[in-house]
A.B. asks: 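Just passing along the structure, written as structure tokens.
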Amino acid sequence: MNPIKTFRLVVKNIKRNSKQLLLASIGIVIGLWAFSLFLGFGLGITNVVEGEIFPWDKLEVIPPATNLASTRTRSGKGGASGNCDENDFFINEQPNGVFNKELEAKFRKLRYLDDGVVELIRKRHEVRTAYPKMKFTFPAIAEGGMDELHLSHPLKTEIFADGLNPSNLTQCNKEETDTDMERHREMRRCDVMYPFKFKDYSEDDKQLGFCETHKDCASGVFCNTKETENIWIFPMKNEETIGYHRCYHAVPVVVSTYLLELWNGSIAPAHGYPKLSKETLGTFLGLSFEVHLGESMFSSKSVNVKPFMRKFQLVGISKRAIPLGVTLPISYAARYNKYFTTRDESGDAMEREAHKFKTFSSIIVRVKSKKQITSFLAYIHRLGFTQQDTSAETVGLVILFVTGILVFISFVIIIIAAINIANTYFMIISERRREIGIMRALGANRGNIRTIFLLEAGILGFIDGFLGLLFGWLTSRGVDWVIWNVVPDFPFKPPTAFCFPWWLVVSTIGFGIFFCVVGSLFPANHASQIEPSEALIPQ
Amino acid sequence: MSKPKTIIKISKVSKFYGSGSAKQQVLHDININIYEGDFISIVGTSGSGKTTLLNIIGGLDRRYEGTCLVDGHNVEKLNERRLARMRNETLGFIFQSFNLMEHLTAWENVALSSFFAGTKIPLGKEYARATEVLEKVGLKDKINAYPANLSGGQKQRVAIARALYNKPRLLLCDEPTGNLDSKTGEEVIDLFKALNREDKITLLVITHEDRVSKTTDRSIQLEDGRIVSTDSKNAPVH
Ligand SMILES: Nc1ncnc2c1ncn2[C@@H]1O[C@H](COP(=O)(O)OP(=O)(O)O)[C@@H](O)[C@H]1O
Ligand SMILES: [Mg+2]
């Protein structure tokens, strides 16, 4: 049979029975509408979750049972001694940089994340990037933002903080951007914008002079006016102090996009604070606030050494920042952690606590592809480490499950509709019985008759699939509009809650064709079996 | 004069309908030879088995006893595809009730057989061929008309054009004038005559009208499934 001509004939056939077929198709269209809409929604939500909330390719490698160990030490029970028994099992108890850790891990498990482990992870073929983080091992309170955010009272909150190597952030040093648009684009690309810098200022601070108040120092530079019990803040290499009444650069910090979302979605609307966006953040960059290191809102006596205050300054927004808290250059975190460790009589940090300021609390790893996550995790476990549970898997499973149920429901609709199509085709075939006889007399064989009906059903299915998809897409536009214009803001409110990748388009239309063809298979076969002499008997 | 080729050879064909006690024999040991170039009529009262016989000859009904050779092929033994192909290549059917597709125009009806295996009309020439045959039956101006807008005689002529479309060697006509008034009926018969004389097409016409059977070369009379006479007084000498 000639395909083009047959197509024309079949289209004429469809036109003739268009009302009947349209009615029979309603079920298929509704089913496909639901299918494309639900699946599109599931994919859209997954995109938001995997791309924004819990990036799929981002893993956080943590040392074994860190949380437990750090709580114990912090609560001052001399937790380190409690770990003595375990010392036998861990080889890098005393962290000492890069050496053959892989070899060690063959015999015993590794305990701490140090430079050597970072090196090992970076060498793995699954790994795109890996950067270490060091959390504060002491509490801290942030206070400020009154003027910048036009508030009546300063915000005061317990904060979490961690340290990150400045080289792991994109710092844009371009002096001037010509247009607003260019600046916006830069903002999106860069973690830290000119003129701000994310770096350790301890060397620069040595050049700064004495002061009575902040006014005596330059802008962005503050006066250390609060006396601490112990003024040494041990640097990693050579010791250095910020002396009493000395000017110092504010500690540069970046916050996470997650925090920004949380602020805009929940905190700002609830308290009537202004909203922030990465693009309009320009005015808020440079915002400085006081951080009381070693102080806690929950317990009055939390550290062994006297707390002190530092000015922190917001210099950027980054996906690499700690989700709820601030991220500062890792060397600050190391010095502060060292400052707050238990001291011996001479004032030196205890050697057994060295891991607090010499090893990392976690290593953030980006893998190259989703498929490689399993093999990478196996490697991590072999070394003796674990993965920080992000509950991404649980959320992903829930989405998958709900989407699965909805897709299943749409399939039930479609299958019932396919039975309806079968019914309609039986009717149509008994109506066209005579024509089948004529075509057979004109030289059509059984296969030709079957093909004509199946092709008809296929084209119908294509139309149904297209309509279902169109309605699904229109509905998704409507839902997006409602989300944006009616529903109040919530964190991670996406520009669209839907995703219609090409394969969804193809499969919706494909299922339309498939189910219409399957529905008409039985009737078409029946039609092909009709004896021509009987088909031609006048009714 | 050489002996003409046999195009249809029916020997000892019997046909039964139903089964068990309802079993009914409608054809009894029918023997007929039809030669190429024949113009034959089968006459008989309603229910005498004419249509049944025609369906067997045309391969539309293969549940019978005896043998039926069409163009040298045993209809019963051909596989379904070959048989369909033969219908397209060799045979043309014309029915009492025209059997046109109401949703197709005249020319589309005429060209319908071009969909199927065995078509002799090259791809792209369908419209030209349809026009040609429609012109032959005198319907040049009705090429794009739908059957609903045609008279009975015009409809039957479209049906004839459809049967002629693929250049058949044998036309099987089941009471072609049954639904036509006598004048248009005569026109159709004249057309058949011309096809037989000029185009050398073999014609087998079923009828119960004497005026039709009288115009044919040979007339076979069927009564209750039996041939009661083979009148070949008009037949040319073979
Ligand atoms: N499909 C059928 N099932 C049962 N009986 C049939 C069928 N077709 C025809 N008959 C019977 O066979 C006999 C011959 O019918 P038919 O060949 O149509 O006669 P004609 O064409 O001469 O009027 C009639 O008695 C008719 O009732
Ligand atoms: Mg009859």
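A note on names: the letters A, B, ... follow the listed sequences, proteins ahead of strands, and every chain is numbered from 1.
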A.B. asks: Going from CD on Glu534(A) to CG on Asn55(B), what distance comes out if it is rounded to the nearest 0.5 angstrom?
C.D. replies: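 Rounded to the nearest 0.5 Å, the CD-CG separation comes out at 10.0 Å.
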A.B. asks: Checking side-chain contact (heavy atoms from CB on, under 4.5 Å) for the pair Arg85(B)/Asn445(A): CA distance, chi angles, key distance, verdict?
C.D. replies: CA-CA 8 Å; Arg85(B) 200 182 169 91; Asn445(A) 56 38; over 6 Å; no
A.B. asks: Hey, are Ser533(A) and Arg63(B) close enough side-chain-wise for a donor-acceptor pair under 3.5 Å?
C.D. replies: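 Result is no, nothing qualifies.
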A.B. asks: Is there a side-chain contact between Arg440(A) and Glu80(B), using heavy atoms and a 4.5 Å cut-off?
C.D. replies: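 Yes, close enough: below the 4.5 Å cut-off.
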A.B. asks: Checking Arg446(A) against chain B: side chain, backbone, both or neither under 4.5 Å from a heavy atom?
C.D. replies: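 Both backbone and side chain.
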A.B. asks: With respect to chain A, which residue among Asn88(B), Leu112(B), Leu172(B), Asp174(B) yields the maximal number of heavy-atom pairs within a distance under 4.5 Å?
C.D. replies: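 Most heavy-atom pairs under 4.5 Å with chain A: Asn88(B).
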A.B. asks: Counting only heavy atoms closer than 4.5 Å, note whether Gln96(B) contacts chain A via side chain, backbone, both or neither.
C.D. replies: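 Contact with chain A: none, neither part.
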A.B. asks: Under a 4.5 Å cut-off applied to non-hydrogen side-chain atoms, are Leu104(B) and Leu9(A) in contact?
C.D. replies: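 Leu104(B) reaches Leu9(A) side chain to side chain.
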A.B. asks: Out of curiosity, Ile438(A) CD1 to Phe98(B) CZ, how far, rounded to the nearest 0.5 Å?
C.D. replies: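 Answer rounded to 0.5 Å: 12.0 Å.
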A.B. asks: Kindly compute the distance separating CZ (Phe115(B)) from CZ (Arg8(A)), expressed to the nearest 0.5 Å.
C.D. replies: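 If I round to the nearest 0.5 Å, the distance is 7.5 Å.
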A.B. asks: Is the side chain of Arg434(A) donor-acceptor paired with the backbone N or O of Asn99(B) at a distance under 3.5 Å, no angle test?
C.D. replies: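 Flag not set: sc Arg434(A) to bb Asn99(B) has no pair under 3.5 Å.
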A.B. asks: State, yes or no, whether a side-chain contact exists between Met101(B) and Lys12(A) at a heavy-atom distance under 4.5 Å.
C.D. replies: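 The answer is no; the side chains never approach within 4.5 Å.
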A.B. asks: Answer whether the closest heavy-atom distance between the side chains of Arg87(B) and Leu442(A) falls below 4.5 Å.
C.D. replies: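 The answer is no; the side chains never approach within 4.5 Å.
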